[in-house]
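Below is one structure, written out as structure tokens, with a few remarks after it.
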Amino acid sequence: GALDFGIQIYNRDKNKFLTLENLGFDKKFEIKNPIRDIFEDAQKNIWIATEGDAVFKLDLKNKKIKHYTTNSGLPSDAVYGIIQDKSNNYWFSTNKGIATLKVKNDKFFTFNTFDGLPTNDFESGAIAISSDGKLYFGSKKGLVSFYPDQLDFPSTPINLLVTNFRIFNNTVDVNKP
């Protein structure tokens, strides 16, 4: 990534860098915020973490770009690192915790201080995986590490139903302005 020239990918056959437009991608694609990490996954997709534009997935084979944001389920649009675990799920470090994108359902799940993390704020590019599959994330308060296959994820979302709402022990009619 470059500030003035956007994203360019080195083509070994041509021995030069090509823009995404030269590679057949939509020329309207633009990243407006600083790039914090670039990651190539096992399927040869390129993932770009940005500070403000969240995450872009470049599918080089099909010439498609997918944009993941808070609207997609990320906890923040400031993403500092991306990595893929041994189950092919993706992990993202942000300023609001660590998120994972489960490939089987294309859904995000977020871990933060409520789940035991020492902080929600992580460092740019400070992310790694060991040969045995342990993930490492550099945070403002030290190193966070875990085996992703040992974490419990809810199998179904929790459906919350509010039957009564009170303020100072007085029931409030939420249908009234």
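On a predicted model such as this, the values are computed, not experimentally measured, just so you know. For the single chain, residues carry numbers from 1 onward in sequence order.
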Closest approach of Thr110 to Gly73 (non-hydrogen atoms, all atoms of both residues): OG1-O, 4.2 Å
Smallest separation among heavy atoms of Leu74 and Ala54, with atom names: CD1-CB, 4.0 Å
OH/Tyr10: more than 12 non-hydrogen atoms of other groups inside 6.0 Å: yes
Contact check, side chains of Asp132 and Tyr147, non-hydrogen atoms, under 4.5 Å: yes
Asn62 side chain to Lys64 backbone, donor-acceptor under 3.5 Å: no
Heavy-atom pair of closest approach, residues Trp91 and Ile127: O-CD1, 4.0 Å
Donor-acceptor pair, side chain of Lys44 and main chain of Asp41, under 3.5 angstrom: no
Atom pair NZ (Lys141) and CG (Asn120), whose distance is rounded to the nearest 0.5 Å: 9.5 Å
Nearest heavy atoms of Phe122 and Ser93, plus distance in Å: CB-CB, 3.7 Å
Connected via hydrophobic side-chain network under 4.5 Å: Tyr136 and Leu151: no
Flag side-chain contact, heavy atom, 4.5 Å: Phe137 against Leu117: no
Atom NZ of Lys102: over 12 foreign heavy atoms under 6.0 Å: yes
Gap separating the OG1 atom of Thr113 from the CG atom of Asp115, nearest 0.5 angstrom: 8.0 Å
Heavy-atom side-chain proximity of Ile35 to Phe56 below 4.5 angstrom: no
Ile48, Ile46, Asp59, Leu58 screened by side chain to side chain contact (heavy atoms under 4.5 Å, CB included) with Ile65, the one that passes: Leu58
Lys66 vs Asn45 side-chain heavy atoms within contact, under 4.5 Å: no
For the student: nearest non-hydrogen atoms of Ala99 and Pro75, plus distance: CB-CD, 3.6 Å
Sub-4.5 Å side-chain heavy-atom contact between Phe92 and Phe39: no
Polar side chain donor-acceptor pair, Asn89 to Thr100, under 3.5 angstrom: no
Donor-acceptor pair, side chain of Lys134 and main chain of Ala128, under 3.5 angstrom: no
Spacing of CG belonging to Leu101 relative to CH2 belonging to Trp47, to within rounding of 0.5 Å: 5.5 Å
Neighbour count >12 (heavy atoms, 6.0 Å) for atom NZ, Lys107: no
Check: Asn33 main-chain N/O paired with Asp53 side-chain donor or acceptor under 3.5 Å: yes
hydrophobic_cluster_shared for Ile98 and Leu143, side chain cutoff 4.5 Å: no
Minimum-distance pair of heavy atoms, taken over all atoms of Ala49 and Val79: CB-O, 3.4 Å
Side-chain heavy-atom pair Phe111, Phe146 within 4.5 angstrom cut-off: no
Inter-residue atom distance Ile129.CD1 - Ile83.CD1, 0.5 Å rounding: 5.5 Å
Polar side chain donor-acceptor pair, Tyr90 to Asp85, under 3.5 angstrom: no
Backbone of Asn95 reached by a side-chain donor or acceptor of Ser76 within 3.5 Å: no
Separation between CG of Asn112 and OG1 of Thr94, rounded to the nearest 0.5 Å: 9.0 Å
Side-chain heavy-atom pair Glu123, Tyr80 within 4.5 angstrom cut-off: no
Side chain proximity check, Gln84 to Gln43, heavy atoms < 4.5 angstrom: yes
Asn88 CG to Lys86 NZ distance, which is reported to the nearest 0.5 Å: 10.5 Å
